[in-house]
Undergrad: 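Before I ask anything, let me first share the structure, which is written out below as structure tokens.
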Amino acid sequence: MLDIKQIRNNPTEVQERLSTRGDYDLTEILALDQQQRELETKRTELQTRSNEVGKAVGQKIKGGADPKGEEVAALREEGNQVKKQLADLEPQERELKEKIHDLVIGLPNLPDPETPVGKTEDDNVEVRRWGDELIPQRNDILPHYEIGEKLGWLNFERAARIAQSRFVALLGDGAALERALISFMLDRHIKVGYAEVLPPILINSASLTASGQLPKFAEESFKCDRDDLWLTPTAEVPVTSLYRDEVLQDSELPILHCAYTPCFRREAGSYGRDTRGLIRLHQFNKVELFKFVKPEESEAAHQALVKDAESILEALKLPYRVLQLCTGDIGFSARKCYDLEVWLPSQNKYREISSCSNCGDFQARRGNIRYKVAGKKGTQFLHTLNGSGLAIGRTMAAILENYQQPDGTIAVPEVLQRYMGDRTVLGKSF
RNA sequence: GGAGAGGUGGCAGAGUGGUCGAAUGCGCCUGACUUGAAAUCAGGUGACUCGCAAGGGUCCGUGGGUUCGAAUCCCACCCUCUCCGCCA
């Protein structure tokens with residue numbers, strides 16, 4: 001959530017920065033804010049008087065005045081008058097506040113000055129590339145879903161029977177490899193200082209609002225009809241809310257978490273895209289990285305987080321590139337974002353496998369996550385960062401293609417072998 | 001699902017209609033003592049918000065209500081804990 005004070009004090013600058021992201025207009029917010037503040041001044045004055053009257057009555061009675069006498073009755077009458085006026089003002093002001101809040105909560109984060117200005121993904125900037133020499137130089141590589149079905153690892157038809165299209169059932173070594181990837185990634189992240197979390201996967205509306213999925217993107221999540229609970233679209237949501245409404249000590253920061261969860265997305269509006277395979281499913285597994293940091297540390301923490309995600313691809317020896325997203329392509333809550341894209345031979349291109357965002361204090365404001373510096377007065381909002389480390393299904397797709405052997409078997413990346421019973425090659429499961 | 005207890009400041013925990021934004025303890029800050037630290041002693045220390053300031057306002061789970069005045073009384077809801085039932 002943007003700071004209303006910032007909007008009020010620098011409307012032109014905020015407007016300009018928002019405009020690099022899309023079509024946003026502050027004029028209504030500014031007008032309502034002015035009205036609200038005028039009402040607030042009036043209301044405050046009345047409340048002051050009301051408090052004075054209340055105290056005066058107490059003092060009179062304590063001083064021996066007749067509680068039912070004339071003196072007290074006059075004060076009571078004034079109290080009633082003030083109350084009537086307040087009863088008129090208060091709902092007006094509350095309504096205005098709600099309107100302003102509803103508008104502001106719908107505004108995305110301001111892009112970082114370093115985020116390149118652009119409209120679409122075509123304006124993203126490639127930052128670096130790794131593993132060019134590892135790109136397989138063959139043209140007989142089957143798409144991951146074909147080889148996966150041949151091996152008996154992936155079954156889309158039966159998954160559709162169980163659920164719907166855009167679901168997959170993993171079987172045999174496919175299931176084992178998925179599990180191995182989860183363990184491998186978590187183990188690596190834990191080793192460099194991330195503390196593992198296994199959060200609830202059903203999450204309430206307040207949690208989705210804090211991280212920025214609500215109110216704008218309600219369409220994108222699955223909702224449990226009878227409860228105020230949703231299926232988590234990413235572990236970012238429950239992990240952000242781990243510390244919602246808390247005041248942390250500065251000595252506790254930074255807090256680093258990694259979390260494996262399944263993720264659920266409705267993929268509304270992506271009908272024609274990636275209809276086959278593991279790239280775009282309603283349910284997929286992901287290991288997420290998350291940091292809660294002091295503002296002055298967030299840029300360095302962001303760079304380090306991207307590196308931590310990259311280290312997984314490097315350990316798996318999967319070729320990838322790093323993009324810096326432009327203002328038109330960064331997520332709602334992000335002010336700066338890097339995507340990692342892994343090489344998919346069958347598509348002859350890089351595909352997103354991780355998205356690493358610095359959200360600044362945007363989510364901390366929405367979730368009211370603050371910290372206190374020992375000995376200093378007051379509190380401040382911390383910064384939150386998140387990134388995939390990595391999306392498991394897409395990693396599986398990358399392995400099925402990049403590690404595909406001419407004979408149709410799949411070589412096991414060296415670092416995964418100990419998670420796969422020390423096998424070096426995997427074949428048909430059924 | 002049934003019965004009971006409870007939700008108060010960074011934490012713990014008093015407070016049942018008036019000067020209570022709230023005792024006390026812990027934590028934290030400053031000072032004294034000390035070569036230094038610990039211990040001890042003295043003082044200070046809630047959040048949010050409006051205001052240049054002086055100062056004002058709001059906040060005791062949430063939302064209503066009673067009252068001149070509510071942390072305190074009434075109603076509804078949410079959550080937590082304990083016991084019972086059911087169950088992986």
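Worth knowing before you read on, the calculation uses all heavy atoms, side chains too, and leaves out hydrogens, waters and symmetry mates. Every chain is numbered from 1 and lettered A, B, ... according to where its sequence line falls, protein lines coming before strand lines.
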Undergrad: Once side chain to side chain donor-acceptor pair (under 3.5 Å) is applied, do any residues pair with A/Lys336, and if so which ones, sequence neighbours excluded?
TA: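 Side chain to side chain donor-acceptor pair (under 3.5 Å) list for A/Lys336, sorted by chain: A/Glu114, A/Glu299.
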
Undergrad: Go through the structure and list residues passing side chain to side chain donor-acceptor pair (under 3.5 Å) with A/Glu414, not counting sequence neighbours.
TA: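 For A/Glu414, no residue satisfies side chain to side chain donor-acceptor pair (under 3.5 Å) once neighbours in sequence are set aside.
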
Undergrad: Need to verify one output field. Residue with the more 5' nearest nucleotide on RNA chain B, A/Thr41 or A/Val247?
TA: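 Upstream on the strand: A/Val247.
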
Undergrad: Pull out every protein N or O sitting under 3.5 Å from an N or O of nucleotides 28-31 of chain B, one pair per line with the distance.
TA:
| unit_1 | atom_1 | unit_2 | atom_2 | d |
| --- | --- | --- | --- | --- |
| B/C28 | O2' | A/Gly375 | N | 3.0 |

Undergrad: When the C1' atoms of B/C20 and B/C81 are compared, how many Å lie between them, rounded to an integer?
TA: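 After rounding to an integer number of Å, I get 28 Å for this pair.
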
Undergrad: Any base atoms under 4.0 Å from A/Arg8, or only sugar-phosphate, or nothing? Heavy atoms, all strands.
TA: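 Sugar-phosphate, backbone atoms only, no base.
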
Undergrad: Among residues two or more places apart or on two chains, list those pairs meeting salt bridge (Lys or Arg N to Asp or Glu O under 4.0 Å) that have a residue in residues 251-266 of chain A.
TA: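 Listed by first then second residue: A/Glu219-A/Arg266.
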
Undergrad: Could you list all the side chain to side chain donor-acceptor pair (under 3.5 Å) pairs where at least one residue sits in residues 159-186 of chain A, not counting sequence neighbours?
TA: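 Every side chain to side chain donor-acceptor pair (under 3.5 Å) pair that includes a residue of residues 159-186 of chain A, provided the two are not neighbours, is A/Asp173-A/Arg423, A/Glu178-A/Asn285.
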
Undergrad: With P as the reference atom in both, quote the distance from B/A23 to B/G4 in angstrom, rounded to an integer.
TA: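 Approximately 34 Å lies between the P atom of B/A23 and that of B/G4.
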
Undergrad: What is the pairing partner of B/A76, taking Watson-Crick or G-U wobble pairs with both distances under 3.5 Å in any strand?
TA: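 B/A76 is paired, partner B/U62.
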
Undergrad: Distances for protein N/O vs nucleotides 64-70 of chain B N/O pairs under 3.5 angstrom?
TA:
| unit_1 | atom_1 | unit_2 | atom_2 | d |
| --- | --- | --- | --- | --- |
| B/G64 | OP1 | A/Arg94 | NH1 | 3.3 |

Undergrad: Would you mind reading off the distance between A/Gln59 atom CD and B/G17 atom C1', rounded to a whole angstrom?
TA: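 It is 16 Å, rounded to the nearest whole Å.
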
Undergrad: Answer yes if the side chains of A/Gln249 and A/Ser251 hold a donor-acceptor pair under 3.5 Å, and no otherwise.
TA: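 There is no such pair (donor and acceptor under 3.5 Å, judged by atom type) between the side chains of A/Gln249 and A/Ser251.
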
Undergrad: Could you list the residues that satisfy salt bridge (Lys or Arg N to Asp or Glu O under 4.0 Å) with A/Arg335, not counting sequence neighbours?
TA: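 A/Arg335 satisfies salt bridge (Lys or Arg N to Asp or Glu O under 4.0 Å) with A/Asp112 once adjacent residues are dropped.
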
Undergrad: Between A/Glu13 and A/Gln6, do the side chains contain a donor N or O and an acceptor N or O under 3.5 Å apart?
TA: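 No, no side-chain donor-acceptor pair sits under 3.5 Å.
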
Undergrad: So, using salt bridge (Lys or Arg N to Asp or Glu O under 4.0 Å) as the criterion, who are the partners of A/Glu70 when residues are at least two apart?
TA: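 Listed in chain order: nothing, the list is empty.
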
Undergrad: Under a 3.5 Å threshold, yes or no: a donor from one side chain and an acceptor from the other, between A/Asn368 and A/Arg370?
TA: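 Yes, A/Arg370 and A/Asn368 have a side-chain donor paired with an acceptor closer than 3.5 Å.
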
Undergrad: Give every pair of a protein N or O atom and an N or O atom of nucleotides 56-59 of chain B that lie under 3.5 Å apart, one pair per line with the distance.
TA:
| unit_1 | atom_1 | unit_2 | atom_2 | d |
| --- | --- | --- | --- | --- |
| B/G56 | O3' | A/Thr48 | OG1 | 3.4 |
| B/G56 | O2' | A/Thr48 | OG1 | 2.9 |
| B/G57 | OP1 | A/Asn51 | ND2 | 3.0 |
| B/G57 | O3' | A/Gln47 | OE1 | 3.2 |
| B/G57 | O2' | A/Arg43 | NH2 | 3.1 |
| B/G57 | O2' | A/Gln47 | OE1 | 2.8 |

Undergrad: Side-chain donor-acceptor pair under 3.5 Å between A/Glu93 and A/Gln36, yes or no?
TA: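 Distance-only check passes for A/Glu93 and A/Gln36.
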
Undergrad: Using the C1' atom in both, what is the distance from B/U49 to B/A42, to the nearest Å?
TA: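 B/U49 and B/A42 have their C1' atoms separated by 34 Å.
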
Undergrad: Could you work out the separation of B/G15 and B/G65 based on their C1' atoms and round it to a whole Å?
TA: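 About 23 Å, rounded to a whole number of Å.
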
Undergrad: So A/Glu246, base contact, sugar-phosphate only, or nothing? Heavy-atom distance under 4.0 Å.
TA: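 Since no nucleic acid heavy atom lies under 4.0 Å of A/Glu246, the category is nothing.
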
Undergrad: Just jot down the side chain to side chain donor-acceptor pair (under 3.5 Å) partners of A/Arg188, sequence neighbours excluded, or say none.
TA: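 Once residues adjacent in sequence are excluded, A/Arg188 has no partner under the side chain to side chain donor-acceptor pair (under 3.5 Å) criterion.
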
Undergrad: Please measure how far the P atom in B/G25 lies from the corresponding atom in B/C41, and state the result in whole Å.
TA: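 That atom pair is separated by 11 Å.
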
Undergrad: Sticking with atom C1', work out how far B/U58 lies from B/C77, rounded to a whole angstrom.
TA: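 To the nearest whole Å, 23 Å.
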
Undergrad: So if I take residues 206-213 of chain A and measure heavy-atom distances to RNA chain B, which residues fall below 4.0 Å?
TA: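 Within residues 206-213 of chain A, no residue comes under 4.0 Å of RNA chain B.
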
Undergrad: List the residues meeting side chain to side chain donor-acceptor pair (under 3.5 Å) with A/Thr409, not counting sequence neighbours, and say none if there are none.
TA: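 So A/Thr409 forms a side chain to side chain donor-acceptor pair (under 3.5 Å) with A/Asp407.
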
Undergrad: Yes or no on salt bridge (Lys or Arg N to Asp or Glu O under 4.0 Å) for A/Asp361 and A/Arg365, after CA distance, side-chain angles and deciding distance?
TA: CA-CA 6 Å; A/Asp361 65 6; A/Arg365 281 181 189 283; 3.4 Å; yes

Undergrad: For atom C1', what is the distance between B/U80 and B/A47, given to the nearest Å?
TA: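 Pairwise C1' distance, B/U80 against B/A47, rounds to 23 Å.
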
Undergrad: Distance check needed: B/C78 P versus A/Arg244 CZ, whole Å only.
TA: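 Nearest whole value for this atom pair: 17 Å.
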
Undergrad: Could you check whether A/Ser298 and A/Asn358, counting side-chain N and O atoms only, form a donor-acceptor pair closer than 3.5 Å?
TA: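 There is such a pair between these side chains.
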
Undergrad: Give none if B/C83 has no partner; otherwise give the nucleotide forming a Watson-Crick or G-U wobble pair with it, both distances under 3.5 Å.
TA: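 Paired with B/C83, as far as the under-3.5 Å criterion goes, is B/G2.
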
Undergrad: When rounded to the nearest Å, what value does the distance between C1' atoms of B/A53 and B/C68 take?
TA: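 About 32 Å, rounded to a whole number of Å.
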
